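Please read the structure below before turning to the comments.
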There are 2 protein chains.
Amino acid sequence: MTEQPKFAQIKQHIIEQIRAGVWLEHQRVPSENELSDQFKVSRMTARRALSELTEVGILTRSQGLGTFVASFKSQSSLLEIRNIADEVTQRGGDYTCMVLSLESIFAIAPIAIALGVEIDSQVYRSVIVHHENDEPLQVEERFVNPALASKYLQQDFTALTPHEYLTQVAPLTEARHTVEAVMPNEEVCQWLNMFNEEPCLQVIRRTWSSQGIVSFARLISPGSKYRLGGHLTFKK
Amino acid sequence: MTEQPKFAQIKQHIIEQIRAGVWLEHQRVPSENELSDQFKVSRMTARRALSELTEVGILTRSQGLGTFVASFKSQSSLLEIRNIADEVTQRGGDYTCMVLSLESIFAIAPIAIALGVEIDSQVYRSVIVHHENDEPLQVEERFVNPALASKYLQQDFTALTPHEYLTQVAPLTEARHTVEAVMPNEEVCQWLNMFNEEPCLQVIRRTWSSQGIVSFARLISPGSKYRLGGHLTFKK
DNA sequence: CAAGAATACTTGTATATACAAGATGACTAT
DNA sequence: ATAGTCATCTTGTATATACAAGTATTCTTG
């Protein structure tokens, strides 16, 4: 093998198809036999490509059925900022949300840069407060690149969270986030219904699709009500 | 195969040896041929066990040399609270630390429970402030189970961080942490040399070895100086 | 003694083959 | 028409074999 090994070439080909949006979430990918025909390799080699991509969570397989593109959700593993609606209902809470703002604005410099668009161009902005048992739990301020989600302003986010909607219209390929402790400003205090000042956990998250930066979100929660958890272990 | 497949049995055997502390960090594990002799399987089957454990970060392999138990560090992947000394030096900063306290105390209830020992029994406690360029960056208050690290009080933590020392004397098998935003109390303000109040990022971490809970640590950093980052992507 | 070659180990890649087992649709007998 | 069977697809497990390539030791040769 002068260059890359065959199984790696096949892996790369599969990833490219997914990144380019040719094969979408939950869609079937070629079977071991199809791949081995197509790439002129043995079934075991094609199998290796599929298996390794499965192990890192890009594909899922099921005996008798086939191999499928995994949902981006499952990618996330540890530092996933889980869908807050799921998180609340999962622990038996009552989840509601309020859309405080849903508009088109002119991007000031820091937002334009974070979204990779021109300064003063139009971008979409939403402000949503997530509640657990009617108490505000998290405020989500999100800026969206209109080129990649043109119908963002027409959505009903009490039914489908922005993150869920965006993963549908612009399949995610990458996400970065930072976690920090901040003091809420007045606006945030109002949104979260906080009377006395309290430190907040702020997650900043930017998401990419194959066409570019999709959105930039600030998720702010009161330190007393929200924490992130992580868990590492040896057992497989 | 009536029960578990052979490669899974071998994987389990390897994990057990590591959990039990029989095979330590960076130590060699049996080669593919040795395993295939021992378990009466083909080399490919033994290889599969080793490869899969490598892919999840439990082992590392190197052509011509052999297969080794990975360092627990590399386990961590995303939410790893990286060794702060490494983190600072890696970004070109000057790392120093001060040991403010290193003592044996009687465990009050919450600490005893977190460590899984009797209330009022003796536990070790250390308070260390980590500095970057002579500015305090993080305070680490740690409680240690003396049964699993009896010589903890004799260590020089300016040379080897507590986490590094503990992984040596009690190989880690599991870690849990939570991240939250808190307001520092007076003590912490003093430790971190903070004059005006500022929200802090607090990481609580408990670590396990095969013999039980090793330690319980609170890592507190000023929100303005420290953040956690995460990164998810499709490319392998 | 020192430099290089031979060797014996290791992991890495690739193939061909066999059978097991889950899923599905078509076909058949009741 | 419905229930069961069968054929055929899929992935899953397991083996035997071959050669490539990296590492370390030993042996040979100058």
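Below, chain A is the first sequence line, B the second, and so on; all start at residue 1. Keep in mind the model is a prediction, meaning the values are calculated, not measured. Note that these values count all heavy atoms, side chains included, but never hydrogens, waters or copies made by symmetry.
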For A:K40 and C:dT15, give me the distance from atom NZ to atom P, rounded to whole Å. 12 Å
Go through the N and O atoms of the side chain of A:R48 and the base of D:dG12, and report whether any donor-acceptor pair is under 3.5 Å. no
In whole Å, what is the span from the CZ atom of A:R28 to the P atom of D:dT10? 6 Å
Gap between atoms CG and P, on B:N33 and D:dA16 respectively (whole Å): 13 Å
Rounding to an integer number of Å, can you tell me how far A:R61 CZ sits from D:dT11 P? 5 Å
Can the ring centres of B:Y152 and B:F157 be said to be less than 6.0 Å apart? yes
Gap between atoms CD and C1', on B:E52 and D:dT13 respectively (whole Å): 11 Å
Over how many whole Å does the gap from B:E32 atom CD to D:dT15 atom C1' extend? 14 Å
Atom CZ of A:R47 and atom P of D:dT13: how far apart are they, to the nearest Å? 7 Å
Tell me the interatomic distance from B:R43, atom CZ, to C:dA14, atom P, rounded to whole angstroms. 14 Å
Is the cationic atom of A:R48 (NZ for Lys, CZ for Arg) positioned less than 6.0 Å from the six-membered ring centroid of A:F7 and within 45 degrees of its normal? yes
Please collect all salt bridge (Lys or Arg N to Asp or Glu O under 4.0 Å) contacts where either partner lies in residues 58-70 of chain A, sequence neighbours excluded, each pair once. A:E32-A:R61
